[in-house]
Amino acid sequence: MSQFQTSVDLSPTWFAAGYPLRAHNTFGFDVRARYACRVENEADLVAAVRDPRARGLRTLVLGGGSNVVLTRDFDGLVLLVALCGKRLAREDRHAWYVEAAAGENWHEFVAWTLEAGMPGLENLALIPGTVGAAPIQNIGAYGLEMAERCDSVRAIDLDTGTPVEFDAAACRFGYRDSFFKREGRDRFVITSVTFRLPKLWQANAGYADLARELARHDAVEAPQARAVFDAVVAVRRAKLPDPLQLGNAGSFFKNPVIGAPQFDALAAREPQIVSYPQADGRVKLAAGWMIDRCGWKGRALRAAAVHERQALVLVNRGGATGADILELAQAIQRDVLARFGVALEQEPVCL
Ligand code: EPU
C-alpha cells in the first residue's frame with residue numbers, strides 16, 4: 001500500500017544474531033531466532049528476505065505472536081511486521097471500506113473504526129494480535145468471524161517480491177482457517193487488510209454470554225455498537241487471561257465439528273453436551289466444555305496449565321516451555337478422545 005510506505009529508501013532494521021523472542025510471543029516462551037528483522041513497509045520486507053543473511057533460511061512472520069507455540073529456537077529469519085497506518089479507503093452507498101496495515105494492533109484498530117462512526121467489528125474487540133494476523137486464522141468471537149467483514153487482503157509474494165491482492169473468496173476462509181494458514185503459509189506475507197463495513201448496521205448480540213452481559217446493562221433492545229463493544233470487552237476480561245499477565249494463545253483447540261449420526265450417539269450418552277448445529281447438518285461441539293468435563297480445568301503440568309475460567313485456554317504460569325504446553329495438550333487430547341470419541345485439533349501454529 002504505497003501511502004503507508006516511506007518515500008526514502010531506508011533499509012530494514014536487523015537485530016543481532018540470537019534475537020530473543022520472549023516479548024514477541026504471547027505465551028512468553030524464552031526462545032531465540034538466528035536473525036530478526038523489523039520491517040516497516042513492503043520494500044523493507046522484500047529487502048529483508050533478499051538479504052544475503054536470509055539466503056537458504058526459513059522465515060517466520062511474527063505480528064503479535066498470539067497464535068504460535070514456539071517449541072525451540074528458530075534457526076531462521078523472523079520478520080517482525082511493523083507496517084502501520086489505517087484509513088477509510090473508499091465508501092459507497094452501502095458500505096465503508098477501511099484499510100489497515102498488517103502491523104496495526106487489532107483491538108486498537110477495532111476501537112478506531114467505532115470512534116470514526118463505522119461499526120461492524122465490535123464483536124471482535126480485545127482479540128490479541130495484529131491486523132495482519134487476523135485473516136490467517138480467520139479470527140472470530142461472539143457470533144462474528146473476520147471473514148464476514150473482509151473485502152480483500154494484500155500480501156507480498158516472497159517468490160516474486162511483488163504484491164498480490166486476494167479478494168475474500170481467494171482467501172478461502174473457514175472456521176479458524178484460511179489459504180494463508182495452509183497452502184500460502186510460507187509464501188505470502190500479509191501487508192494490509194481491507195474491511196467492508198456495511199452502513200446498514202445491526203447489532204449481532206445473540207451469543208449467550210454477550211446477551212447476558214448486555215442484559216446486565218439493560219441494553220438488550222437495539223444495543224448500540226459501543227454497548228456491544230463494551231460487553232465483549234467485559235466478557236473477555238472475565239473469562240480470558242490477559243497475555244501480558246498470564247502467557248497464552250487464546251483457545252488452544254478448535255471446537256470440533258462432527259457428523260449428525262456421531263452426534264446423536266454421543267448426545268445419548270452425554271445429554272448435557274454443549275453443541276451448535278451447523279448449516280450443513282453437522283454439529284459443532286464446545287471443546288472447552290468437554291475438557292472441563294474431563295476434569296482438566298485449573299490443572300497443571302509443571303508450569304503449563306489449563307486456565308481456571310476457560311478450559312479451552314492453556315496458560316504459561318511462568319517458566320513453561322512450548323514442549324510443556326504440547327505435553328499438556330496431548331494429555332487433554334487423549335482424555336477427550338477416550339471419553340467423547342472426538343479428536344481435538346490444535347488451533348495455534350506450532351514451530
Ligand atoms: N464451557 C465450559 N467450561 C469451560 C469452557 C467452556 O463448560 O471451561 C462451556 C461454556 O459454558 C459454553 C461453551 O462451553 O457453554 C462454549 O464456551 P465459550 O462461550 O466460552 O466459547 P468457546 O467455544 O469455548 C469460542 C472461541 C473463542 C471465542 C468464544 C466466544 C474457538 C476455538 N474459540 O470459545 O475464541 O472467544 O467462542 O465466541 O472457536 C480464540 O479463538 O482464541 C478464542 C478465544
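This structure is a prediction, so every number in the text was calculated from the model and none was measured. Hydrogens, waters and symmetry mates are skipped; everything else that's a heavy atom, side chains included, is used. Just so you know, ligand 1 is whichever comes first in the structure, and atom 1 is the first atom listed for that ligand.
- Lys297 pairs with exactly one of Asp292, Ile291, Leu312 by the side-chain contact (heavy atoms from CB on, under 4.5 Å) rule, that one being Asp292.
- Shown here, atom 10 (C) of ligand 1 is out of close reach of the protein: none of its heavy atoms lies under 4.0 Å off.
- For Phe252, no heavy-atom contact with ligand 1 is shorter than 4.0 Å.
- Atoms of ligand 1 lying under 4.0 Å from any heavy atom of Phe253, numbered from 1 in the order shown and given with element: 32 (C).
- For the pair Arg90 and Tyr97, the cation-pi criterion (under 6.0 Å, within 45° of the ring axis) is fulfilled.
- Of all the listed residues (Glu308, Gln272, Arg236, Gln310), Gln310 holds the heavy atom that lies closest to atom 17 (O) of ligand 1.
- Under the salt bridge (charged side-chain N to carboxylate O under 4.0 Å, His left out) test applied with Asp75, the options Arg58, Arg34, Arg32 reduce to a single match, Arg34.
- For atom 26 (C) of ligand 1, the nearest protein heavy atom (residue, atom name, distance) is Arg176 NH2, 3.4 Å.
- Considering only non-hydrogen atoms, atom 44 (C) of ligand 1 lies nearest to Ser251 out of Gly250, Ala141, Ser251.
- Taking only nitrogen or oxygen atoms, main chain and side chain alike, Ala311 reaches within less than 3.5 Å of ligand 1.
- A side-chain contact (heavy atoms from CB on, under 4.5 Å) with Pro163 is found for one member of Ile156, Val46, Leu45 and no other, namely Ile156.
- Annotation: atom 16 (C) of ligand 1 to nearest protein heavy atom, Tyr276 OH, 3.3 Å.
- From the protein, the heavy atom lying nearest to atom 23 (O) of ligand 1 is Asn255 ND2, 2.8 Å.
- Of the N or O atoms in Lys254, none lie within a sub-3.5 Å distance of an N or O in ligand 1.
- A cation-pi arrangement is absent between Arg196 and Trp96, since the terminal nitrogen or guanidinium carbon is not both under 6.0 Å from the aromatic centre and inside a 45° cone about the axis.
- Partner Asp209 forms a salt bridge (charged side-chain N to carboxylate O under 4.0 Å, His left out) with one of Arg237, Lys239, Arg309 and no other, that one being Lys239.
- Relative orientation of the His24 and Tyr19 rings is tilted, given thresholds of 30° and 60° on the angle between their planes.
- The closest approach between a heavy atom of His307 and any atom of ligand 1 is not below 4.0 Å.
- Using cut-offs of 30° and 60° for the angle between ring planes, the Phe252 and Phe27 rings count as perpendicular.
- The distance from atom OG1 of Thr194 to atom CZ of Arg87, rounded to the nearest 0.5 Å, is 7.5 Å.
- The closest heavy-atom contact to atom 4 (C) of ligand 1, among the options Asp209, Val274, Asp292, comes from Asp292.
- Looking from atom 34 (O) of ligand 1 to the surrounding protein, the closest heavy atom is Leu312 CD2, 3.9 Å.
- The Lys239 neighbourhood of ligand 1 comprises atoms 20 (O), with distances under 4.0 Å to a heavy atom of that residue.
- Classified by interplanar angle (parallel below 30°, tilted 30° to 60°, perpendicular above 60°), the ring pair Phe188/Phe179 is tilted.
- Counting the atoms of ligand 1 from 1 in the order shown, those under 4.0 Å from a heavy atom of Trp289 are 1 (N), 2 (C), 6 (C), 7 (O), 9 (C), 14 (O).
- Looking at Ala286 against ligand 1, only its side chain comes within 4.0 Å, counting heavy atoms.
- Neither the backbone nor the side chain of Arg309 comes within 4.0 Å of ligand 1, counting heavy atoms alone.
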Please evaluate residues Asp335 and Arg339 with respect to the criterion salt bridge (Lys or Arg N to Asp or Glu O under 4.0 Å), reporting the C-alpha separation (whole Å), side-chain torsions for both, the decisive distance (0.1 Å), and the verdict.
CA-CA 6 Å; Asp335 281 3; Arg339 173 159 174 181; over 6 Å; no
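- Close approach of ligand 1 to Lys297 is summarised as follows: ligand atoms under 4.0 Å from at least one heavy atom of the residue are 3 (N), 4 (C), 8 (O).
- Using a 4.5 Å heavy-atom threshold, the side chains of Trp112 and Leu114 count as separate.
- Taking 4.0 Å as the cut-off, Gln137 does not count as a neighbour of ligand 1 on heavy-atom distance.
- Proximity annotation for atom 37 (O) of ligand 1: of Tyr142, Tyr207, Tyr175, Tyr207 comes nearest, heavy atoms only.
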